[in-house]
Amino acid sequence: MALVPLADLLQKADQGSYALGAFNCNNMEIVQSIVGAAEAESAPVIIQASQGGIKYAGLNFIIALARQAAEEAAVPVVLHLDHGTSFEQVMQCIRFGFTSVMYDGSSLPLEENITQTRKVVERARVFGVSVEAELGRLGGTEYDISVSDRDALFTDPAEAEKFVAETDIDALAIAIGTAHGQYKGNPELDFDRLEEIGKRTSCPVVLHGSSGIPDASINRAIDLGVRKINIDTSIREAFVGAMRDTLAENPDEIDPRKILGPSRDAAAEVIREKIRLFGSSGKS
Ligand code: G3H
Ligand code: 13P
Ligand code: ZN
């Protein structure tokens, strides 16, 4: 089927109290592992590409890969821009066929973030494209954040209420103690803050930096309203880990298919586990 927007899938996830998996891609094999895993789990799925991913593969290649994978799939597939910080790039993705975009103005002062996000939402609506935006700053991966740092970095629930009301976004990315990449300590999430955000706005919440979060915390976050969960690092670990194993066992192998094939399978297996954890298995 054709690529679909994110907003409708988020509504269904909200009604069913589960979360959609959003998986980062950089190449054909990872796109295939994401959609293959979603098909195997009968799950709706989000393929996402960061600005770095787009730079590596090329915008038209990412779109063509995602479109083709979606065409061949019996499950709904979204193509989403991850962390778009340039207004021009966000607009280019909207015009070229992404069905969802993240505008990340989290480094801007609140009023400026609202103004820029609102501008993206107005343009995206014309194309039927969904918009995620971010409020609060994701931390580093070392867990020694003081209470005052937490208040400065994490999403303020009152600001979240104002941000959603004034921008009309489809999904809100928050900072409650997650970080991109591998965690060096035990991540302690601020669930009270997440609960308060959920009380102040009905906007579906997005959790970034979710690869190293323990399963119990993922379950609790979903109970408290998280509806989109971003995973990149776990895919990288599985993909490159399998590549290392293959090459260690077959140091003379030169056929890329024999090296990349097992990596594609390993990534798909990790993605299936995440889909089951997020509760979106069987929800296509
Ligand atoms: O948000 C972070 C994602 O893991 C994308 O990372 O910018 O290296 O593609 P990247
Ligand atoms: P991880 O790499 O920590 O899973 O984070 C992914 C992410 O948040 C992409 O936006
Ligand atoms: Zn992220």
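Basis for what follows: all heavy atoms, side chains included, without hydrogens, waters or symmetry-related copies. Order of appearance sets the numbers: ligands from 1, and atoms from 1 within every ligand.
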(message) To the nearest 0.5 Å, what is the distance between CG on Leu194 and CG on Leu207?
(response) 8.0 Å

(message) For Arg200, is there an ion pair with Glu161 - N to carboxylate O distance below 4.0 angstrom?
(response) yes

(message) Closer than 4.0 angstrom, basic N to acidic O: yes or no for Arg125 and Asp168?
(response) yes

(request) Taking Ser130 for its side chain and Ala7 for its backbone only, find out whether a donor-acceptor pair lies under 3.5 Å. (result) yes

(message) With a heavy-atom distance limit of 4.0 Å, tell me whether Asn230 approaches ligand 1 through its side chain, its backbone, both, or neither.
(response) neither

(message) Walk me through whether Glu72 and Gln68 qualify under side-chain hydrogen bond (donor to acceptor under 3.5 Å, both in side chains).
(response) CA-CA 6 Å; Glu72 291 176 9; Gln68 188 58 35; 2.9 Å; yes

(message) Can you confirm if the NZ or CZ of Lys283 lies within 45° of the ring axis of Tyr18 and under 6.0 Å from the centre of its six-membered ring?
(response) yes

(message) Less than 6.0 angstrom from the centroid, inside 45 degrees of the normal: does Arg220 satisfy that with respect to the ring of Phe191?
(response) yes

(message) Does anything in residues 83-117 form a ring pair (Phe, Tyr, Trp, His ring centres under 6.0 Å)? List the pairs, not counting sequence neighbours.
(response) His83-His180, His83-His208

(message) Just to be sure I'm reading this right: ignoring hydrogens, which of Arg236, His83, Met102 gets closest to atom 6 (O) of ligand 1? Compare them by their nearest heavy atoms.
(response) Arg236

(message) Nearest N/O/S atom of His208 with respect to the Zn ion (ligand 3), by atom name, please.
(response) ND1

(request) Could you tell me whether His180 and ligand 1 have an N or O pair separated by under 3.5 Å? (result) yes

(request) Check each protein residue for a heavy atom under 4.0 Å from ligand 2 and list those that pass, ordered by chain and number. (result) Asn24, Gln48, Asp82, His83, Ala179, His180, Gly181, His208, Gly209, Ser210, Ser211, Asn230, Ile231, Asp232, Thr233

